[in-house]
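Quick notes on the structure that follows.
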Amino acid sequence: MPDKAKRVFTVRPRAPHKLVQRMSVEKCRVSESHKDFSSIPLPASLIAERQGDIAILRLNRAHKRNALDDGTVIGIDAFFDALPGDINAVLLVGEGDNFSAGLDLSELKERDVTEGIQHSRLWHRAFEKIQFGKVPVVAVLQGAVVGGGLELAASAHVRVAERSAYYALPEGSRGIFVGGGGSVRLPRLIGVARMMDMMLTGRTYSAEEGQAMGLTTYLVEASKGFAKGLELAQRIASNAPLTNFAVMHTLPRIAESDPAAGFAMESLISSIAQADPEAKTRLRDFLEKRGPKVKQS
Ligand code: 1HE
(Lines give C-alpha, C1' and ligand atoms only; values in the text may rest on other atoms or scores of the structure.)
Protein backbone atom coordinates (compact mmCIF):
# COMPACT_ATOMS: atom_id res chain seq x y z
CA MET A 1 0.00 0.00 0.00
CA PRO A 2 1.43 3.44 -0.81
CA ASP A 3 2.18 5.96 1.94
CA LYS A 4 -0.76 8.24 2.70
CA ALA A 5 -1.04 11.81 3.81
CA LYS A 6 1.01 12.63 6.88
CA ARG A 7 -0.14 14.01 10.21
CA VAL A 8 1.58 14.94 13.44
CA PHE A 9 2.00 12.12 15.93
CA THR A 10 0.74 13.11 19.38
CA VAL A 11 -0.34 9.99 21.23
CA ARG A 12 2.41 8.68 23.49
CA PRO A 13 1.35 9.00 27.12
CA ARG A 14 4.92 9.40 28.42
CA ALA A 15 6.02 12.84 27.24
CA PRO A 16 8.49 12.18 24.43
CA HIS A 17 11.37 14.44 23.47
CA LYS A 18 10.33 17.33 21.25
CA LEU A 19 12.07 15.68 18.32
CA VAL A 20 9.76 12.70 18.64
CA GLN A 21 6.73 14.96 18.96
CA ARG A 22 7.70 16.62 15.70
CA MET A 23 8.11 13.36 13.86
CA SER A 24 5.19 12.65 11.58
CA VAL A 25 3.55 9.36 10.77
CA GLU A 26 1.21 8.39 8.03
CA LYS A 27 -2.46 8.43 8.87
CA CYS A 28 -3.65 5.50 10.95
CA ARG A 29 -5.49 2.96 8.81
CA VAL A 30 -7.81 0.56 10.56
CA SER A 31 -9.65 -2.14 8.69
CA GLU A 32 -11.90 -4.94 9.91
CA SER A 33 -9.03 -7.45 9.80
CA HIS A 34 -7.03 -5.58 12.43
CA LYS A 35 -9.75 -3.88 14.43
CA ASP A 36 -8.41 -5.45 17.61
CA PHE A 37 -5.48 -3.09 17.39
CA SER A 38 -7.51 -0.06 16.39
CA SER A 39 -6.70 1.76 19.61
CA ILE A 40 -2.99 1.57 18.78
CA PRO A 41 -1.90 4.48 16.62
CA LEU A 42 -0.17 2.80 13.70
CA PRO A 43 1.16 4.52 10.60
CA ALA A 44 0.21 3.21 7.15
CA SER A 45 3.67 1.64 7.02
CA LEU A 46 2.56 -0.90 9.64
CA ILE A 47 -0.36 -3.31 9.53
CA ALA A 48 -1.41 -5.29 12.58
CA GLU A 49 -3.68 -8.32 12.44
CA ARG A 50 -4.38 -11.19 14.75
CA GLN A 51 -4.77 -14.91 14.30
CA GLY A 52 -6.10 -16.26 17.58
CA ASP A 53 -3.63 -15.32 20.27
CA ILE A 54 -0.90 -14.40 17.75
CA ALA A 55 -0.41 -10.78 16.69
CA ILE A 56 1.04 -10.25 13.24
CA LEU A 57 2.87 -6.98 12.67
CA ARG A 58 3.66 -6.31 9.02
CA LEU A 59 6.13 -3.73 7.70
CA ASN A 60 4.13 -2.26 4.85
CA ARG A 61 6.52 -0.07 2.83
CA ALA A 62 7.55 -2.53 0.15
CA HIS A 63 7.99 0.27 -2.41
CA LYS A 64 10.75 1.63 -0.12
CA ARG A 65 11.99 -1.87 0.67
CA ASN A 66 10.47 -1.49 4.15
CA ALA A 67 13.01 1.18 5.07
CA LEU A 68 12.34 2.27 8.64
CA ASP A 69 11.28 5.89 8.80
CA ASP A 70 10.59 7.66 12.09
CA GLY A 71 6.85 7.03 11.91
CA THR A 72 7.41 3.29 11.50
CA VAL A 73 9.75 3.08 14.48
CA ILE A 74 7.34 5.12 16.62
CA GLY A 75 4.56 2.79 15.46
CA ILE A 76 6.59 -0.30 16.42
CA ASP A 77 7.10 1.24 19.88
CA ALA A 78 3.37 2.00 20.23
CA PHE A 79 2.38 -1.47 19.04
CA PHE A 80 4.57 -3.41 21.47
CA ASP A 81 3.74 -0.99 24.28
CA ALA A 82 0.00 -1.51 23.90
CA LEU A 83 -0.07 -5.18 22.97
CA PRO A 84 -3.32 -6.64 24.35
CA GLY A 85 -2.98 -9.03 27.30
CA ASP A 86 -4.53 -11.95 25.41
CA ILE A 87 -1.75 -11.97 22.80
CA ASN A 88 0.80 -14.71 23.54
CA ALA A 89 3.31 -14.27 20.69
CA VAL A 90 4.04 -11.85 17.86
CA LEU A 91 4.99 -12.56 14.27
CA LEU A 92 6.98 -9.75 12.64
CA VAL A 93 7.00 -9.82 8.85
CA GLY A 94 7.93 -7.57 5.93
CA GLU A 95 5.68 -7.01 2.94
CA GLY A 96 7.21 -7.73 -0.48
CA ASP A 97 10.58 -9.21 -1.41
CA ASN A 98 12.59 -7.67 1.44
CA PHE A 99 12.33 -7.72 5.19
CA SER A 100 13.85 -4.25 5.60
CA ALA A 101 16.47 -2.02 3.96
CA GLY A 102 17.16 -0.43 7.36
CA LEU A 103 17.13 3.21 8.31
CA ASP A 104 15.21 5.46 5.93
CA LEU A 105 18.22 7.33 4.59
CA SER A 106 16.08 10.16 3.24
CA GLU A 107 15.36 11.29 6.82
CA LEU A 108 18.99 11.38 7.86
CA LYS A 109 20.24 14.45 6.03
CA GLU A 110 19.34 17.32 8.34
CA ARG A 111 19.81 15.91 11.85
CA ASP A 112 22.18 17.60 14.27
CA VAL A 113 24.09 15.72 16.99
CA THR A 114 21.39 16.03 19.66
CA GLU A 115 18.67 14.94 17.28
CA GLY A 116 20.88 12.04 16.20
CA ILE A 117 21.14 10.85 19.82
CA GLN A 118 17.39 11.21 20.35
CA HIS A 119 16.75 9.31 17.14
CA SER A 120 18.98 6.44 18.19
CA ARG A 121 17.34 6.36 21.64
CA LEU A 122 13.95 6.18 19.94
CA TRP A 123 15.08 3.02 18.14
CA HIS A 124 16.50 1.65 21.39
CA ARG A 125 13.19 2.16 23.18
CA ALA A 126 11.18 0.54 20.40
CA PHE A 127 13.46 -2.48 19.97
CA GLU A 128 13.82 -2.92 23.74
CA LYS A 129 10.04 -3.41 23.79
CA ILE A 130 10.51 -6.26 21.34
CA GLN A 131 13.40 -8.00 23.05
CA PHE A 132 12.28 -7.39 26.62
CA GLY A 133 8.57 -6.98 25.98
CA LYS A 134 5.48 -8.90 27.00
CA VAL A 135 5.69 -11.92 24.71
CA PRO A 136 8.17 -13.66 22.40
CA VAL A 137 8.59 -12.37 18.86
CA VAL A 138 9.27 -14.44 15.74
CA ALA A 139 10.63 -12.53 12.73
CA VAL A 140 10.20 -13.82 9.18
CA LEU A 141 13.01 -12.68 6.89
CA GLN A 142 13.39 -12.50 3.13
CA GLY A 143 15.58 -10.46 0.78
CA ALA A 144 17.40 -7.53 2.39
CA VAL A 145 17.86 -7.72 6.14
CA VAL A 146 20.13 -4.75 6.16
CA GLY A 147 21.44 -2.15 8.59
CA GLY A 148 18.59 -1.16 10.88
CA GLY A 149 16.58 -4.02 9.38
CA LEU A 150 19.15 -6.42 10.80
CA GLU A 151 19.06 -4.53 14.10
CA LEU A 152 15.29 -5.00 14.15
CA ALA A 153 15.59 -8.71 13.32
CA ALA A 154 18.23 -9.11 16.04
CA SER A 155 15.79 -7.89 18.67
CA ALA A 156 13.37 -10.73 17.86
CA HIS A 157 13.67 -14.02 19.75
CA VAL A 158 13.45 -16.40 16.78
CA ARG A 159 14.33 -15.64 13.15
CA VAL A 160 12.90 -17.66 10.28
CA ALA A 161 14.81 -16.86 7.08
CA GLU A 162 13.75 -17.77 3.59
CA ARG A 163 16.66 -18.66 1.31
CA SER A 164 16.50 -15.23 -0.36
CA ALA A 165 17.36 -13.44 2.89
CA TYR A 166 20.76 -11.81 3.20
CA TYR A 167 22.36 -9.90 6.03
CA ALA A 168 24.45 -6.75 5.67
CA LEU A 169 25.63 -3.74 7.66
CA PRO A 170 26.28 -1.04 5.03
CA GLU A 171 26.64 1.71 7.62
CA GLY A 172 30.35 2.05 6.87
CA SER A 173 29.74 2.87 3.24
CA ARG A 174 27.07 5.43 4.24
CA GLY A 175 29.37 7.21 6.70
CA ILE A 176 27.24 6.33 9.70
CA PHE A 177 27.20 3.79 12.54
CA VAL A 178 24.59 1.36 13.78
CA GLY A 179 22.14 3.17 16.08
CA GLY A 180 19.34 0.71 16.71
CA GLY A 181 21.09 -1.44 19.29
CA GLY A 182 23.12 -3.39 16.73
CA SER A 183 26.43 -2.95 18.50
CA VAL A 184 24.88 -4.42 21.65
CA ARG A 185 22.82 -7.26 20.17
CA LEU A 186 24.77 -8.39 17.12
CA PRO A 187 28.11 -9.16 18.80
CA ARG A 188 26.14 -11.35 21.21
CA LEU A 189 24.74 -13.27 18.26
CA ILE A 190 27.66 -13.41 15.83
CA GLY A 191 30.71 -12.07 17.71
CA VAL A 192 32.52 -8.74 17.57
CA ALA A 193 34.97 -9.87 14.88
CA ARG A 194 32.24 -10.85 12.41
CA MET A 195 30.30 -7.68 12.98
CA MET A 196 33.47 -5.64 12.56
CA ASP A 197 34.18 -7.39 9.26
CA MET A 198 30.60 -6.79 8.02
CA MET A 199 30.82 -3.09 8.88
CA LEU A 200 34.34 -2.54 7.58
CA THR A 201 34.23 -4.54 4.35
CA GLY A 202 30.54 -4.56 3.49
CA ARG A 203 30.53 -8.35 3.57
CA THR A 204 27.09 -9.90 3.27
CA TYR A 205 25.95 -13.28 4.55
CA SER A 206 23.28 -15.46 2.99
CA ALA A 207 20.41 -16.93 4.99
CA GLU A 208 22.21 -20.26 4.87
CA GLU A 209 25.51 -18.82 6.12
CA GLY A 210 23.53 -16.94 8.75
CA GLN A 211 22.33 -20.24 10.14
CA ALA A 212 25.83 -21.32 11.14
CA MET A 213 26.42 -17.88 12.69
CA GLY A 214 23.26 -17.64 14.77
CA LEU A 215 21.38 -15.06 12.69
CA THR A 216 19.05 -17.53 10.98
CA THR A 217 17.30 -19.67 13.55
CA TYR A 218 15.29 -21.61 10.93
CA LEU A 219 16.10 -21.77 7.22
CA VAL A 220 13.13 -22.32 4.91
CA GLU A 221 12.43 -22.34 1.19
CA ALA A 222 10.93 -19.41 -0.74
CA SER A 223 7.48 -18.29 0.47
CA LYS A 224 7.46 -20.79 3.33
CA GLY A 225 8.55 -18.24 5.92
CA PHE A 226 5.15 -17.01 7.03
CA ALA A 227 3.73 -20.49 7.57
CA LYS A 228 6.81 -21.63 9.48
CA GLY A 229 6.87 -18.44 11.53
CA LEU A 230 3.21 -18.78 12.42
CA GLU A 231 3.65 -22.43 13.36
CA LEU A 232 6.52 -21.50 15.68
CA ALA A 233 4.62 -18.54 17.14
CA GLN A 234 1.67 -20.84 17.91
CA ARG A 235 3.98 -23.34 19.53
CA ILE A 236 5.57 -20.60 21.64
CA ALA A 237 2.14 -19.21 22.56
CA SER A 238 1.10 -22.61 23.92
CA ASN A 239 3.88 -22.53 26.56
CA ALA A 240 3.17 -21.39 30.09
CA PRO A 241 3.33 -17.56 29.99
CA LEU A 242 5.60 -17.43 33.02
CA THR A 243 8.12 -19.74 31.37
CA ASN A 244 8.11 -17.58 28.23
CA PHE A 245 8.63 -14.53 30.39
CA ALA A 246 11.52 -16.18 32.24
CA VAL A 247 13.15 -17.24 28.97
CA MET A 248 12.89 -13.75 27.49
CA HIS A 249 13.81 -11.70 30.54
CA THR A 250 15.89 -13.89 32.78
CA LEU A 251 17.88 -16.17 30.50
CA PRO A 252 19.83 -13.41 28.70
CA ARG A 253 20.55 -11.70 32.02
CA ILE A 254 21.72 -14.89 33.66
CA ALA A 255 23.95 -15.58 30.66
CA GLU A 256 25.63 -12.21 31.17
CA SER A 257 25.98 -12.48 34.94
CA ASP A 258 28.91 -13.88 36.82
CA PRO A 259 28.25 -17.57 37.48
CA ALA A 260 27.48 -17.15 41.18
CA ALA A 261 24.80 -14.53 40.51
CA GLY A 262 23.57 -16.59 37.58
CA PHE A 263 23.10 -19.74 39.67
CA ALA A 264 21.24 -17.73 42.32
CA MET A 265 18.98 -16.07 39.75
CA GLU A 266 18.30 -19.43 38.09
CA SER A 267 17.25 -20.99 41.40
CA LEU A 268 14.92 -18.09 42.10
CA ILE A 269 13.22 -18.03 38.72
CA SER A 270 12.92 -21.80 38.50
CA SER A 271 11.24 -21.95 41.88
CA ILE A 272 8.91 -19.06 40.96
CA ALA A 273 7.96 -20.80 37.69
CA GLN A 274 7.32 -24.19 39.26
CA ALA A 275 5.16 -22.68 42.00
CA ASP A 276 2.83 -21.18 39.39
CA PRO A 277 -0.56 -22.96 39.19
CA GLU A 278 -0.05 -23.30 35.44
CA ALA A 279 3.07 -25.41 36.06
CA LYS A 280 1.25 -27.56 38.60
CA THR A 281 -1.53 -28.25 36.11
CA ARG A 282 0.87 -29.08 33.29
CA LEU A 283 2.97 -31.41 35.45
CA ARG A 284 -0.14 -33.19 36.72
CA ASP A 285 -1.40 -33.55 33.13
CA PHE A 286 1.81 -35.28 32.11
CA LEU A 287 1.95 -37.55 35.11
CA GLU A 288 -1.69 -38.53 34.57
CA LYS A 289 -0.99 -39.26 30.87
CA ARG A 290 -2.87 -36.26 29.51
CA GLY A 291 0.10 -34.01 28.75
CA PRO A 292 2.09 -34.17 25.50
CA LYS A 293 5.26 -36.24 25.23
CA VAL A 294 8.42 -34.75 23.76
CA LYS A 295 8.43 -35.30 19.99
CA GLN A 296 11.52 -35.13 17.78
CA SER A 297 11.21 -32.15 15.40
C1 1HE B 1 15.32 3.46 0.48
C2 1HE B 1 16.13 2.64 1.29
C3 1HE B 1 16.58 3.18 2.52
C4 1HE B 1 15.61 1.56 -0.49
N5 1HE B 1 16.21 4.44 2.83
N6 1HE B 1 14.98 4.70 0.84
N7 1HE B 1 20.31 0.95 4.36
C8 1HE B 1 20.99 0.82 3.21
O9 1HE B 1 22.05 1.36 3.01
C10 1HE B 1 20.33 -0.01 2.15
C11 1HE B 1 19.88 0.88 1.01
N12 1HE B 1 19.08 0.13 0.04
C13 1HE B 1 19.62 -0.68 -0.90
O14 1HE B 1 20.81 -0.93 -0.93
C15 1HE B 1 18.67 -1.25 -1.90
O16 1HE B 1 17.50 -0.46 -1.92
C17 1HE B 1 18.27 -2.72 -1.61
C18 1HE B 1 19.48 -3.64 -1.88
C19 1HE B 1 17.80 -2.91 -0.19
C20 1HE B 1 17.10 -3.12 -2.54
O21 1HE B 1 17.47 -2.85 -3.89
P22 1HE B 1 16.31 -2.76 -5.00
O23 1HE B 1 17.02 -2.65 -6.33
O24 1HE B 1 15.33 -3.86 -4.83
O25 1HE B 1 15.49 -1.42 -4.68
P26 1HE B 1 15.90 0.10 -4.97
O27 1HE B 1 15.55 0.47 -6.38
O28 1HE B 1 17.27 0.39 -4.53
O29 1HE B 1 14.94 0.88 -3.95
C30 1HE B 1 13.55 1.02 -4.20
C31 1HE B 1 13.14 2.33 -3.54
O32 1HE B 1 13.32 2.21 -2.14
C33 1HE B 1 13.98 3.50 -3.99
O34 1HE B 1 13.17 4.65 -3.94
P35 1HE B 1 12.49 5.26 -5.28
O36 1HE B 1 11.73 6.44 -4.78
O37 1HE B 1 13.65 5.58 -6.17
O38 1HE B 1 11.63 4.16 -5.83
C39 1HE B 1 15.02 3.60 -2.91
O40 1HE B 1 15.58 4.88 -2.79
C41 1HE B 1 14.20 3.25 -1.69
N42 1HE B 1 15.03 2.75 -0.60
N43 1HE B 1 16.29 1.47 0.67
C44 1HE B 1 15.43 5.15 2.00
N45 1HE B 1 17.32 2.47 3.36
C46 1HE B 1 19.38 3.17 13.46
S47 1HE B 1 20.69 3.26 12.49
C48 1HE B 1 20.51 2.15 11.22
C49 1HE B 1 21.51 2.45 10.14
C50 1HE B 1 21.14 1.80 8.85
O51 1HE B 1 20.13 1.14 8.74
S52 1HE B 1 22.22 2.06 7.59
C53 1HE B 1 21.66 1.06 6.30
C54 1HE B 1 20.68 1.79 5.43
Side-chain angles (χ1 to χ4, degrees), residues 1-4 6 16-17 19-20 23-26 43-46 59-77 80 92-131 139-156 161-187 189-190 195-207 210 215 222:
M1 251 178 267
D3 293 356
K4 290 279 173 184
K6 300 202 165 192
H17 184 273
L19 171 73
V20 174
M23 291 170 177
S24 63
V25 294
E26 292 102 317
S45 56
L46 291 173
L59 305 175
N60 186 43
R61 279 188 100 204
H63 63 293
K64 293 287 181 189
R65 307 306 183 252
N66 294 323
L68 301 167
D69 61 354
D70 294 339
T72 305
V73 179
I74 292 169
I76 290 172
D77 183 306
F80 282 95
L92 178 63
V93 301
E95 198 60 50
D97 295 334
N98 300 278
F99 175 68
S100 171
L103 175 71
D104 186 323
L105 295 168
S106 69
E107 290 188 339
L108 198 62
K109 328 185 266 299
E110 304 299 340
R111 264 182 210 131
D112 64 20
V113 170
T114 308
E115 287 173 336
I117 293 169
Q118 292 297 339
H119 177 261
S120 169
R121 298 299 289 154
L122 166 72
W123 282 52
H124 290 168
R125 275 196 301 281
F127 292 4
E128 172 96 359
K129 284 178 192 166
I130 298 177
Q131 186 182 5
V140 176
L141 311 176
Q142 74 283 358
V145 186
V146 164
L150 178 51
E151 295 182 277
L152 174 60
S155 63
E162 295 184 357
R163 274 193 193 275
S164 65
Y166 61 94
Y167 306 105
L169 292 169
E171 281 83 349
S173 68
R174 310 281 179 226
I176 54 178
F177 193 71
V178 288
S183 57
V184 174
R185 293 191 181 94
L186 287 167
L189 286 172
I190 65 175
M195 180 170 176
M196 228 180 230
D197 178 38
M198 288 174 82
M199 291 195 73
L200 292 176
T201 69
R203 181 173 186 168
T204 66
Y205 285 102
S206 67
L215 288 176

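Counting convention: from 1, in listed order, for ligands and their atoms alike.
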Worksheet entry | Val145 to Ala153 - nearest heavy-atom pair and separation | CG1-CB, 4.0 Å
Discussion item. For the CG atom of Leu186 and the CG atom of Leu150, what is their distance to the nearest 0.5 Å?
Written reply: 4.5 Å
Fill in: Residues Arg61, Asp104: salt bridge by 4.0 Å N-O rule
yes
Practice prompt. Let me know which protein residues bring a heavy atom to under 4.0 Å of ligand 1; chain then number is fine for ordering.
Written response: His63, Lys64, Arg65, Ala67, Ala101, Gly102, Leu103, Asp104, Leu105, Trp123, Ala144, Val146, Gly147, Gly148, Glu151, Tyr166, Pro170, Glu171, Arg174, Ile176, Gly179, Gly180
Item to complete: Not counting sequence neighbours, which residues clear salt bridge (Lys or Arg N to Asp or Glu O under 4.0 Å) with Arg163? List them please.
Response: Glu208, Glu221
Expected list for residues 176-185: side-chain donor-acceptor pairs under 3.5 angstrom, two or more places apart:
unit_1	atom_1	unit_2	atom_2	d
Arg185	NE	Gln131	OE1	2.5
Arg185	NH2	Gln131	OE1	3.2

Fill in: Residues forming a side-chain contact (heavy atoms from CB on, under 4.5 Å) with Ala126, sequence neighbours excluded
Val73, Ile76, Asp77
